[in-house]
Novice: 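Let me begin by handing over the structure; questions about it come next.
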Amino acid sequence: MNIDALNNEQKEAVLCTEGPLLVLAGAGSGKTKVLTTRIAYLIKEKGVDPYNLLAITFTNKAAREMKERVAKLIDYKYENMQISTFHSFGLTILRKYYNIVGYKSNFTILDSDDSLTTVKKIIKELNLDPKNYNPKAIRNRISSAKNELMTPDLYSKYANTDFEEKVVEVYRGYQEKLVKNNSVDFDDLLMLPIQILKENPDILKLYQERFKYILVDEYQDTNRAQYILVKMISAKYKNICVVGDESQSIYSFRGADYKNILNFEKDYKNVKVILLEENYRSTKYILNVANDVINNNKNRKDKKLWTKRDEGNKVKCYTALNEKDEAHYVVSEIKKLLVNGVDRKDIAVLYRTNAQSRNVEEELLKENIPYKVVGSFFFYKRKEIKDLIAYLKLIYNTDDDNSLERVINVPKRAIGIKTVQKIQDEANIKNTSMFNAISKGKELDFKLMIEEIKEQAKNISLTELIDLILDKTGMLAELKSEDSLEADIRIENLNEFKSITANFEEMYGIISLESFLEEISLVADIEEHKNETNLITLMTVHSAKGLEFDNVFIIGLEEGIFPHVNSLSSYEEIEEERRLAYVAITRAKKNLELVNAKSRMLFGQENNNLPSRFINEINPDNLIQEKNVINKIEKANLIDESASYTLGEKVKHDVYGVGMVVAIKDKTIDVAFEHKYGIVTFMKGHKVIKKIGE
DNA sequence: CGGCAATGTGTTTTT
DNA sequence: CACATTGCCG
């Protein structure tokens with residue numbers, strides 16, 4: 001551990017261990033370094049037991065990175081140090097004290113789809129018309145209420161309109177249903193622990209005593225519930241260090257309030273405030289651009305980021321004709337970088353909304369450039385995967401009605417809506433879960449099957465359990481009998497899912513169904529469960545927070561896209577969009593490109609959008625316009641069906657250079673390139689592969 | 001009950 | 001446009 005490597009302010013933030021500390025850390029000012037060094041310092045120099053530390057981050061990724069970096073600093077990995085997200089921390093409390101709030105030990109966590117389904121069900125039971133009472137809107141209201149720690153009773157006191165009164169009713173029914181199903185939603189992971197701590201001072205005392213030192217990252221993005229949780233636990237020792245930057249507050253839609261950071265000095269007495277303004281990440285031009293944009297926000301503490309780094313390259317701007325051209329341009333620029341020896345992992349494409357990844361993905365696929373889409377829940381949203389997970393959840397917690405309804409007729413068992421409705425009614429009468437209410441008919445066979453699998457599950461590994469489910473339920477047999485390409489893909493997906501669990505078991509030994517379900521509830525991103533590393537990264541700006549890349553492309557910089565159309569009418573929201581743009585820009589270390597499209601297909605219609613106001617806010621001296629309009633929208637067939645190869649044959653690729661064919665498969669070939677690219681798989685006859693001498 | 005066609009409906013951002 | 005939901009019929 002080397003404290004001398006820090007600047008004076010960073011050093012102070014590490015050494016000032018006692019009492020409340022507020023670190024206002026600009027983007028790229030070495031905030032993670034401060035946090036990890038501080039933890040290491042507490043353990044190694046101050047002799048603090050890691051068990052007494054609590055560090056809270058915003059994403060699972062950040063938590064994992066922090067754990068790794070701390071382990072490196074102290075040359076040891078403490079298993080019992082609590083470094084986690086708010087939600088997983090909440091879950092650890094709930095796993096201990098579930099009974100206080102009326103749950104059984106095997107409660108499950110609803111994903112957002114399940115929670116919406118439950119809301120819809122309640123709306124139906126209350127005989128409300130979903131056209132007038134939009135289920136999604138109500139779900140969002142319930143979620144906000146929970147993040148404000150409002151129970152249905154409390155919420156009803158503030159309900160003014162008819163709509164709000166109906167929300168109260170649905171909220172009540174929803175909550176009852178959750179308890180009946182022995183399941184909690186995401187927001188409960190914060191709300192229930194707080195309730196437990198509030199109502200049980202002795203338990204609160206245990207936590208206060210345990211967590212003598214608390215660190216909270218991204219404090220500007222805490223909502224009411226998170227704020228209260230930290231406040232309660234830190235109340236005794238008040239050794240609390242919060243780090244944040246109000247200019248990077250981008251989660252107000254989730255109830256985050258950046259005023260939490262501005263009010264910190266009022267909330268705690270004798271607060272020490274440290275400002276980190278030196279940026280170690282970006283070149284001068286990139287920082288200039290970031291400052292040009294954020295200076296247009298009125299609601300912010302005056303803070304100036306500066307850097308000792310070189311001027312670097314001016315920030316490139318490109319105006320594309322449409323979204324296809326935009327993607328084509330970005331990928332052509334990426335190819336240039338790759339040819340110059342840049343690693344794929346050092347390149348990121350950022351956008352405002354998830355849907356924007358698609359065109360870029362298509363272009364990357366055309367060029368056979370490996371990439372990952374962060375935060376794509378695509379894999380877990382697939383029907384066969386959701387079905388399998390529902391079976392796992394049901395086996396773990398048979399009271400989970402959502403999961404039961406999902407799979408009771410998968411594969412087809414001739415149990416239709418009518419039967420399901422009957423079971424539901426029966427369950428309501430008996431005031432129990434649907435599983436318990438089943439007593440006859442084909443559905444009883446289903447129940448017995450689940451109970452049998454549950455019994456057998458006790459003695460086998462998770463991966464074996466999955467095989468057992470696929471076999472016993474007939475899911476696999478049904479897919480196999482279908483004998484279509486689509487069914488083959490589904491089977492392949494199920495195998496991929498199994499490889500994830502196998503991978504888990506390899507890493508952690510025997511893994512319980514409980515921990516596995518917890519993992520996929522809290523980390524629903526498939527990419528975080530895979531091991532591939534050297535990939536181009538595609539993600540939303542929100543997901544990019546806290547990360548950095550040498551080369552960054554920000555696409556879709558248009559009025560209506562970024563800033564998003566739903567934010568245009570309110571000044572507050574425009575400021576949040578601007579902070580978002582600031583976050584995006586400050587991810588870049590060396591090269592930054594800003595791209596917008598003149599026209600774009602949206603809702604199946606062509607839209608002509610003006611360039612984003614954020615581009616106009618930048619001093620043109622910091623920018624360089626890329627003029628070469630690339631408009632070769634290629635229609636030629638990508639695959640030459642007639643191509644044939646021989647082992648050992650040399651081929652050429654624009655980006656990877658000359659390589660050798662090392663394997664010939666049914667539809668693909670493997671080509672070995674120069675060491676740093678390794679072996680790459682291509683479709684046979686793909687136009688990116690050229691035969692030498694042609 | 002199950003399958004298909006017609007209709008409708010909506011999109012920010014995430015733990 | 002893409003997907004979800006509804007409605008109709010065998």
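These numbers were taken from a predicted model, which means no experiment stands behind them. The chains referred to below are lettered A, B, ... by the order of the sequence lines, with proteins before strands, and numbering in each begins at 1.
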Novice: Which nucleotide in the list B/dT13, B/dT15, C/dA2 gets nearest to the side chain of A/Phe253?
Specialist: B/dT13
Novice: I need the CZ-C1' distance between A/Arg600 and C/dC1, as an integer number of Å.
Specialist: 15 Å
Novice: Using 4.0 Å as the upper bound for N to carboxylate O, is an ion pair formed by A/Asp445 and A/Arg413?
Specialist: no
Novice: Rounded to whole angstroms, how far apart are CG on A/Asn354 and P on C/dC3?
Specialist: 14 Å
Novice: Nearest whole angstrom, please: distance from the P of C/dA4 to the CG of A/Leu116.
Specialist: 12 Å
Novice: Would you measure the distance from the C1' atom in B/dT13 across to the matching atom in C/dA4 and give it in whole Å?
Specialist: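 My reading of the C1' atoms in B/dT13 and C/dA4 gives 22 Å.
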Novice: Considering residues, nucleotides and ligands other than A/Lys166, do more than 12 of their heavy atoms fall under 6.0 Å from its NZ?
Specialist: yes
Novice: Restricting both atoms to N or O, compile the protein contacts to nucleotides 1-11 of chain B shorter than 3.5 Å, with distance only.
Specialist:
| residue | atom | partner | partner atom | Å |
| --- | --- | --- | --- | --- |
| B/dC1 | OP1 | A/Gly416 | N | 2.9 |
| B/dC1 | OP1 | A/Thr419 | OG1 | 2.9 |
| B/dC1 | OP2 | A/Lys418 | N | 3.2 |
| B/dG2 | OP1 | A/Ala414 | N | 3.2 |
| B/dG2 | OP2 | A/Asn409 | ND2 | 3.0 |
| B/dT11 | OP1 | A/Lys136 | NZ | 2.5 |

Novice: Under 3.5 Å, side-chain donor or acceptor atoms of residues 603-613 of chain A against the rest of the protein: list the pairs with distances, not counting sequence neighbours.
Specialist:
| residue | atom | partner | partner atom | Å |
| --- | --- | --- | --- | --- |
| A/Asn609 | ND2 | A/Glu558 | OE1 | 3.3 |
| A/Ser612 | OG | A/Phe562 | O | 2.9 |
| A/Ser612 | OG | A/Phe614 | N | 3.0 |
| A/Arg613 | NE | A/Glu559 | OE1 | 3.3 |
| A/Arg613 | NE | A/Glu559 | OE2 | 3.1 |
| A/Arg613 | NH2 | A/Glu559 | OE1 | 2.7 |

Novice: For a quick test of reading the model: is some side-chain N or O of A/Ser88 closer than 4.0 Å to OP1 or OP2 of B/dT15?
Specialist: no
Novice: Which nucleotide, B/dT14, C/dA2, B/dT15, lies nearest any side-chain atom of A/Tyr251?
Specialist: B/dT14
Novice: How is A/Arg579 classified with respect to the nucleic acid when contacts are heavy atoms under 4.0 Å: base, sugar-phosphate, or nothing?
Specialist: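 The residue A/Arg579 makes no contact with any strand.
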Novice: Assign A/Phe562 to base, sugar-phosphate, or nothing according to its heavy-atom contacts below 4.0 angstrom with the strands shown.
Specialist: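 The answer is nothing, as A/Phe562 stays clear of every strand by at least 4.0 Å.
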Novice: When you look at OH of A/Tyr508, are more than 12 heavy atoms from neighbouring residues, nucleotides or ligands closer to it than 6.0 Å?
Specialist: no
Novice: For a salt bridge (Lys or Arg N to Asp or Glu O under 4.0 Å) with A/Asp113, tell me which candidate from A/Lys383, A/Lys386, A/Lys120 qualifies.
Specialist: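 Of all the options given, the one that passes is A/Lys386.
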Novice: Can you tell me how far C1' of B/dT14 sits from NZ of A/Lys146, to the nearest Å?
Specialist: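 Between C1' of B/dT14 and NZ of A/Lys146: 16 Å.
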Novice: Ignoring backbone atoms, establish whether A/Arg358 has a side-chain N or O less than 4.0 Å from OP1 or OP2 of C/dA2.
Specialist: yes
Novice: Report the distance from atom CD1 of A/Ile123 to atom C1' of C/dT5, rounded to the nearest whole Å.
Specialist: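 Value for this atom pair: 15 Å.
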Novice: Please state how far atom CZ in A/Phe58 lies from atom C1' in B/dT13, giving the value in whole angstrom units.
Specialist: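 For the pair A/Phe58 CZ and B/dT13 C1', the rounded distance is 13 Å.
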Novice: Starting from C1' on B/dT15, measure out to CG on A/Asp221 and report it in whole angstrom.
Specialist: 11 Å
Novice: Got A/Leu404 and A/Phe446 here, is their nearest side-chain heavy-atom distance under 4.5 Å?
Specialist: yes
Novice: Answer with base, sugar-phosphate or nothing: what part of the nucleic acid does A/Lys120 contact at a heavy-atom distance below 4.0 Å?
Specialist: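 Since only primed, P, OP1 and OP2 atoms lie under 4.0 Å of A/Lys120, the category is sugar-phosphate.
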Novice: In whole angstrom, what separates A/Ile250's CD1 from B/dT14's P?
Specialist: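 About 9 Å, once rounded to whole Å.
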Novice: Please determine whether the number of non-hydrogen atoms from other residues, nucleotides or ligands lying under 6.0 Å from atom CZ of A/Arg95 exceeds 12.
Specialist: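 More than 12 heavy atoms, drawn from other residues, nucleotides or ligands, come within 6.0 Å of this atom.
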Novice: Can a side chain N or O of A/Thr59 be found less than 4.0 Å away from OP1 or OP2 on B/dT14?
Specialist: no
